[in-house]
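Numbers restart at 1 for each chain; the letters A, B, ... are given by sequence-line order, proteins then strands. Being a predicted model, the structure only gives us computed values, none of them experimental.
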Amino acid sequence: SQELEQSPQSLIVQEGKNLTINCTSSKTLYGLYWYKQKYGEGLIFLMMLQKGGEEKSHEKITAKLDEKKQQSSLHITASQPSHAGIYLCGADKSSGTYKYIFGTGTRLKVLA
Amino acid sequence: ETGVTQTPRHLVMGMTNKKSLKCEQHLGHNAMYWYKQSAKKPLELMFVYNFKEQTENNSVPSRFSPECPNSSHLFLHLHTLQPEDSALYLCASSYRGGEGQQYFGPGTRLTVT
């Protein structure tokens with residue numbers, strides 16, 4: 001069964017627009033990670049969130065984790081073509097058990 | 001460059017062949033992972049090695065056989081695969097198993113004919 005739900009599955013935006021990607025779990029997560037993947041390549045780490053209510057930013061990307069640690073959002077401000085790719089959320093289901101799970105990803109295309 | 005390399009990048013093999021995938025990390029990490037990524041499915045964790053010891057086998061068929069001779073190298077030996085095993089196989093490493101961000105290699109695109 002799908003344990004991390006990502007939405008939307010795909011997104012096409014005009015350059016300069018803001019966008020948000022969501023990641024939802026039915027259970028409390030120990031840690032939440034955001035990665036970016038270029039098609040057919042490996043994942044590049046973006047951010048890690050561990051505390052309920054935590055928010056982190058890097059350049060134009062902001063990630064948040066809700067208080068219950070079951071939902072996270074990734075927000076991109078003023079999108080650029082370089083932001084295009086597949087965004088995946090991943091999570092530790094519990095501490096120290098190697099039970100890593102991932103969402104199916106959100107494919108982002110940014111039109112110049 | 002993430003510090004994790006994988007070879008080969010592409011592999012086509014018949015169902016009766018035997019081949020191996022190789023992963024190497026130069027980050028001083030103690031944990032290494034194999035993942036399978038198929039179209040429209042979540043990334044699936046296959047195996048985890050922590051300090052060279054296998055700590056996770058996620059119900060993977062025996063036609064996939066991992067080997068971790070040291071903390072820097074990880075292999076995935078393949079034999080008598082099925083067409084549904086065609087996928088992108090990703091290797092990752094982390095400082096400690098079970099926590100923290102993982103560093104991923106570029107993957108091996110495997111096609112089973």
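Leu46(A) is not listed as a side-chain neighbour of Gln101(B), based on a closest heavy-atom distance of 4.5 Å or more.
With hydrophobic clusters built from ILVMFWY side chains whose heavy atoms lie under 4.5 angstrom apart, Tyr100(A) does not share a cluster with Leu74(B).
For Glu44(B), no part lies near chain A; criterion is any non-hydrogen pair under 4.5 Å. With a threshold of 4.5 angstrom between heavy atoms, Leu43(B) approaches chain A through its backbone and through its side chain. Contact of Leu88(A) with chain B is made through the side chain alone, with heavy-atom distances under 4.5 Å. Proximity to chain A is limited to the side chain of Tyr35(B), based on heavy atoms less than 4.5 angstrom apart. If you measure heavy-atom distances from Gln50(A) to chain B, you find no contacts under 4.5 Å at all.
Residue Gln9(A) places its CD atom among 12 or fewer non-hydrogen atoms of other residues, nucleotides or ligands, all under 6.0 Å distant. Counting heavy atoms of neighbouring residues, nucleotides and ligands inside a 6.0 Å radius, atom OH of Tyr103(B) does not exceed 12 of them. Other residues, nucleotides and ligands place no more than 12 heavy atoms under 6.0 Å from the CZ atom of Arg107(A). Counting non-hydrogen atoms of neighbouring residues, nucleotides and ligands closer than 6.0 angstrom, the NZ atom of Lys68(A) reaches no more than 12 such neighbours.
Distance check, rounded to the nearest 0.5 Å: CD of Gln102(B) to OH of Tyr33(A) gives 7.5 Å. Separating the OH atom in Tyr39(A) from the CG atom in Leu88(B) is a distance of 9.0 Å, to the nearest 0.5 Å.
In this structure, the ring of Phe45(A) has its center no less than 6.0 angstrom from the ring center of Phe104(B).
When each of Gln37(A), Lys38(A), Met48(A) is checked for heavy-atom pairs under 4.5 Å with chain B, Gln37(A) comes out on top.
Residues of residues 2-21 of chain B lying under 4.5 angstrom from chain A, judged on non-hydrogen atoms, are Thr2(B), Arg9(B) by number.
A pairwise comparison of heavy atoms in Thr104(A) and Lys40(B) identifies CG2-O, 4.4 Å as the closest pair.
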